[in-house]
Amino acid sequence: MSTEDRPSAPRSLAEALRGRDDVSLGALLRSRPDLITPVPTDLTQLATRAGTRASVVRALERLDRFALQTAEALAVAADPATYDELLGLMAGDDADPAVAAALPHALGVLREQALVWGGDDRLRLVRTARELLAPSPQHPSPTGLGPTVQEATAGMSPGRIQEIVTAAGLPSTHDSVSAVTSLTELFSDRRRMAALLAGAPADSLDVLERLVWGPPYGQVTADPAPRLRWLLDRGLLLPTAPGTVVLPREVALHLRRGLAHRTPEPVPPTVEAAAVHRPQVVDSTAAGQAYTSLATVEELLKDWDEGGPAVLRAGGLSVRDLKRTAVALDVPEPVAAFWVELAYAAGLIAPDGEADERYAATPAYDEWRELPAAERWSRLVTAWLPATRTAGLVGGRDAKDRTLSALGPGLDRSAAPEVRHRVLALLAGLPEGTAPAAESVLARLRWERPLRGAQPEDDLRGRLAQWALSEAELLGVTGRGALSAHGRALLGAPAAPAKSPEAEPSGPGDKLPVHHRPTHVTTLSATEQAVASAAAARLLTPLLPEPLDHVLLQADLTAVAPGPLRRPLADMLGALADVESKGGATVYRFTPGSVRRALDAGQSASDLHAFLAAHSRTPVPQPLTYLIDDVARRHGHLRVGAASAYVRCDDDAVLGEILADKRAASLGLRRLAPTVLAAQSDPAGLLEGLRAMGFAPAAESAEGDVLITRAHAHRTPPRTAPEPVPDGPPVPDDTLLAAAVRAIRAGDLASTTPRKPGTAPAVNGELPRTGSAETLATMQAAVLTGEALWIGYVNAEGAASQRVIAPIRVEGGFVTAYDHTADEVRTYPLHRITGVAELADDAG
C-alpha cells in the first residue's frame with residue numbers, strides 16, 4: 001500500500017472511535033455501560049467520558065491480570081510506543097512464547113475497552129489510565145519501576161549531569177538535554193550497559209539487585225559508602241530528594257532483561273481437581289441436600305408461623321434471636337443466617353408492618369408449600385443466584401463500626417451475583433463428578449479480577465467465592481463439591497467436557513490460546529432463567545425421595561419415620577409427638593404434653609387411636625395406647641373459664657387437693673361452691689399454672705363448651721421479594737445498543753460535517769447561533785437550492801442537539817426537512833432552532 005493510500009493515523013481517541021464500525025462501537029458500550037448513561041451526543045463526548053477518572057478506574061478493575069499487566073507496561077513505555085517495544089517489555093529479551101501468543105488478545109481487549117488507541121506503530125494509553133498506572137513516589141507502579149533518566153534528572157544542575165556523563169565514559173556535551181539523551185541511550189543499549197556493569201564492584205551490583213524489582217527508592221547518607229558512590233557517579237542511582245536515591249527505569253529494565261513485570265501471567269491458573277466422584281453419587285448427594293434445604297426452610301417458617309422475632313429498631317434480627325433460630329434449626333449461626341436471608345430473598349418472610357413489628361411468613365409461603373418439591377427447590381435457588389444480600393457478612397462490622405445483623409441493612413454486595421455465577425461456571429467447565437480445589441478457584445478469580453492496591457484481607461471477591469461454594473453445597477446445587485446435573489441445567493450450561501477444559505479442543509476455536517476461548521456461562525435473562533430452572537426441576541424430580549404415608553411405632557413411645565412424610569401425616573404427627581432426632585430417619589417421641597397438645601387441638605382419644613392404627617406399619621404398642629387413654633381421661637376433668645377466671649370440677653376432692661397445694665398460692669384461688677373455684681389470675685395464666693402442677697385442665701367458653709386451641713398462622717400482608725442492588729449501570733440489551741450507536745453517529749455527523757468558510761466550527765458540542773431573521777432567510781434559500789444546513793435545536797424538554805437537515809418547506813413558523821441525522825422527514829418549530837449554518841459544498 002502506498003503512502004497516499006494508507007489511512008492517516010488517528011490523532012485522538014475520538015478520531016479512533018470514529019474509525020470503528022457499529023459492531024465495535026456496540027462492543028465498547030456493552031463492556032462499559034457507564035458510557036451510555038446518558039447517551040453521549042457525539043463521539044467526541046463519548047471519548048471524553050471514556051477518559052474520565054471514574055470510568056477508567058471501573059474499566060481497569062474489570063481487566064484480567066494479563067490485560068492489566070499489558071496496560072501497566074504501556075504506562076512505563078514511551079508515549080506513543082510501538083508494538084515491538086510493548087512486546088519487549090512483556091516478553092523480555094528471551095521473548096517468552098506464551099507471552100508473545102497472548103499479547104495480541106490482551107492488546108485487543110484494551111483497544112476494545114477504549115483504554116488504548118492508535119495503530120501498532122503508535123500505541124497510546126488513555127491519559128487518565130497512564131496517570132493511574134505510571135510510577136511516582138506517591139503511587140509506586142505495580143511493575144516496581146521508577147522514573148526514567150530524563151524524569152529523575154529534571155531538577156539536576158547541568159554541571160552535575162556533565163560529571164555523570166563523563167564518569168559513565170561518554171563524551172561531554174554542550175547542553176543538558178543532549179547529555180541526558182546520551183545517558184539514556186547508554187542505559188538502553190544492552191551491549192554497552194553490560195560493559196559498564198562489568199567494571200562495577202561486587203557490592204555495588206548487590207545494591208542494584210536489591211532495588212531492581214522494586215521499590216526502586218533507597219536511602220543514603222550525606223557521605224555515601226564507596227559502593228554507592230560508584231553508582232551515583234555514573235548515574236546508575238540518581239538523587240530525587242535529600243537522602244533519597246532512585247534506580248532509573250532504563251537501568252532496571254537492563255537488569256531485568258527487558259521485563260516490565262517480574263512474572264508475566266499470560267495464562268490463567270488451572271482450576272485443579274480436589275476429588276473425582278461418580279456423577280450418580282454427586283447427583284444423589286446433591287438431591288439429598290436439596291431436600292434437606294426444603295425441610296430446613298419449612299422448619300424455619302414453622303417456627304415463625306405464629307409471629308417470628310421482633311424487628312430491631314435499625315432493622316434486622318437481634319443476636320439473641322439469631323442464636324435462638326440456630327438452636328431451633330440445629331445449625332451453626334452463620335448457616336442459620338444464610339437460611340433466614342434466603343427465605344427473605346425468596347419473598348417467603350418479611351416484616352409484618354404492625355406497630356410491634358415482627359417477622360412472619362408471607363402469603364407467598366403458603367403458595368410455595370403447595371408446589372412439588374423440585375419446584376420449591378428451583379424457587380429457592382432462582383432467588384439465590386441473583387441475590388446481592390450476603391449472609392456471610394452477618395456478625396461483621398460496617399464502615400461505622402456497627403454490627404451487621406441478619407435481615408438488617410448493609411448486607412448488599414453488588415458483586416455477589418457475578419462472583420456466584422462465575423464460580424459455578426468454573427465448576428461447569430470441569431468434567432462431571434469433579435470437585436475443584438477451593439484455592440485453585442480463588443486463584444483463578446484473582447487472575448480474572450486482580451486486586452489493585454488492596455490488601456489480601458480486603459479481597460471481597462475471594463470471600464464471596466468461598467461463600468458461594470459453601471452455599472451451593474447447602475442448597476444441593478453441588479454434591480460433594482462437584483456441580484450436579486440439575487445444577488448445570490440451572491446455569492443453562494452445556495454438557496460437561498469429557499476431559500480437562502485446559503486440553504486443546506478441535507474446531508474453529510482451536511487456534512486460540514486456551515484462556516482466550518470462552519469458558520464461562522453468561523448470566524441468563526429472566527426468560528432464559530425460567531426455562532433453565534424448569535429444566536433443573538425436571539432433572540431433580542426423579543432423584544428426590546417419595547413422601548411416605550406411614551411410620552413405625554415402637555414400644556418405647558417413639559415413632560420412626562424412615563423418610564419424608566406426606567404433609568397431612570407430618571402435620572398431625574408434629575402435633576401428637578415431639579421430634580427427638582433427625583437424619584435419614586426422623587424419630588418422634590410421644591409424651592403426656594404432646595398428647596395433650598393434640599387433644600387441645602380438638603382431637604379425641606378415639607381419633608388418635610384410629611390415626612395411629614391407619615398410619616403405622618407396626619401394631620400400636622400398649623404403652624402408647626395407655627398413654628393416650630390416661631391423658632384423655634384427665635383432659636378436661638377440670639374446666640377453666642372467665643370470671644376473672646374460675647375452675648370447676650365434678651369431683652370436689654380434686655378441687656380440695658388444688659387448694660391444699662402450696663404451688664397454687666400465686667393463683668389466688670378461693671372456693672365459691674363445692675365444685676367451683678374462683679381465681680384472681682386470667683384464664684391463660686390459670687391454665688398454665690394448673691398444668692405446671694401436673695393437672696390437665698381444659699378451657700371452656702361462656703356457654704360451657706370446651707375451647708379447641710389451634711395454632712394461629714400469622715401472615716404479613718402481600719410482600720415482594722427484595723430487589724438486588726445492581727453493580728453499576730445495567731448491561732444494555734441489543735435494542736438499546738443499536739439505538740445508542742445510531743444516536744451517537746447522528747450527533748457526530750452533525751458536529752463534524754464541514755461548514756462553509758467563515759462559519760465557526762463546532763467546539764465541544766456548541767450550537768450555532770444566528771438571529772431569527774437570518775435563520776428564516778437561510779432556511780428559505782435552502783428550500784430553493786436544495787442544500788443541507790447545520791442547525792442547533794432545543795426540544796421541549798430542554799435537551800440541545802446538533803442536526804444536519806435539508807429543508808423542504810417553511811411555513812407557519814415551522815420548517816419541514818429531511819433530517820440526515822435521524823434519517824427521516826421531521827418538522828421543527830423555528831423558535832426552537834438556536835441557529836443555522838451552511839455546509840461546505842463537498843460535505844459528504
Side-chain angles (χ1 to χ4, degrees), residues 306-307 553 555-559 571-580 588-614 619-713:
E306 298 183 45
L553 294 177
D556 61 349
L557 296 180
T558 61
D571 291 344
M572 183 61 193
L573 198 59
L576 181 57
D578 299 323
V579 176
E580 189 169 78
Y588 294 85
R589 177 164 295 280
F590 299 95
T591 64
S594 67
V595 173
R596 186 179 67 239
R597 186 170 63 230
L599 295 174
D600 285 344
Q603 301 293 326
S604 65
S606 59
D607 293 336
L608 298 181
H609 289 311
F611 168 78
L612 293 174
V620 179
Q622 252 189 354
L624 180 56
T625 302
Y626 290 160
L627 174 65
I628 293 174
D629 290 341
D630 183 55
V631 174
R633 184 168 48 253
R634 293 184 293 115
H635 185 266
H637 191 54
L638 295 176
R639 298 293 182 90
V640 173
S644 283
Y646 63 85
V647 183
R648 69 180 180 87
C649 180
D650 295 336
D651 189 348
D652 58 350
V654 173
L655 297 182
E657 180 183 349
I658 293 173
L659 284 172
D661 196 317
K662 294 181 179 179
R663 291 174 295 176
S666 62
L667 300 178
L669 296 173
R670 59 188 177 87
R671 192 186 291 270
L672 298 181
T675 59
V676 180
L677 297 178
Q680 296 178 2
S681 177
D682 57 64
L686 183 55
L687 279 168
E688 184 178 350
L690 292 175
R691 285 170 179 168
M693 294 167 60
F695 296 95
E700 71 176 13
S701 65
E703 291 77 21
D705 300 323
V706 175
L707 291 175
I708 297 174
T709 58
R710 301 183 187 275
H712 172 61

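A pairwise comparison of heavy atoms in Gly689 and Leu667 identifies CA-CD2, 4.4 Å as the closest pair. When every heavy atom of Leu687 is checked against every heavy atom of Ala699, the shortest pair comes out as CD1-CB, 3.8 Å. Shortest non-hydrogen contact noted between Thr675 and Asp650 is CG2-O, 4.0 Å. For the pair Val631 and Pro592, the tightest heavy-atom approach, listed with the atom from each and the gap, is CG2-CA, 3.9 Å. Across all non-hydrogen atoms, the minimal contact from Ala632 to Leu599 is CA-CD1, 3.7 Å.
Of the possible polar contacts, none joining the Arg596 side chain to the Pro697 backbone as a donor-acceptor pair under 3.5 Å is found. Using a distance-only test at 3.5 Å, with no hydrogens or angles considered, a donor-acceptor pair links the side chain of Arg589 to the main chain of Asp556. A distance-only check finds a donor-acceptor pair linking the side chain of Arg671 to the backbone of Pro674 [under 3.5 Å]. Side-chain N or O atoms of Ser594 include one that pairs as donor or acceptor with a backbone N or O of Leu576 at under 3.5 Å.
Taking CG of Asp651 as the reference point, atom CD of Glu657 lies at 9.5 Å (rounded to 0.5 Å). Going from atom CD of Glu580 over to atom OG1 of Thr591 covers 10.5 Å, rounded to the nearest 0.5 Å. Separating the CG atom in Leu677 from the CZ atom in Arg670 is a distance of 10.0 Å, to the nearest 0.5 Å. Here the straight-line distance linking atom CG of Leu690 with atom CZ of Arg663 works out to 10.5 Å at 0.5 Å rounding. Rounding to the nearest 0.5 Å gives a distance of 9.5 Å between CZ of Phe590 and CG of Leu608. Once rounded to the nearest 0.5 Å, the distance linking CG of Leu655 with CG of Leu659 reads 7.0 Å.
Judged as a side chain to side chain donor-acceptor pair (under 3.5 Å), and not counting sequence neighbours, the contacts of Arg691 are Asp600. With sequence neighbours excluded, the residues satisfying salt bridge (Lys or Arg N to Asp or Glu O under 4.0 Å) with Asp630 are Arg633, Arg634.
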(request) Could you walk me through whether Thr625 and Leu612 pass side chain to side chain contact (heavy atoms under 4.5 Å, CB included), step by step? (result) CA-CA 10 Å; Thr625 302; Leu612 293 174; over 6 Å; no

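Phe695 places a side-chain heavy atom less than 4.5 Å from the side chain of Ile658.
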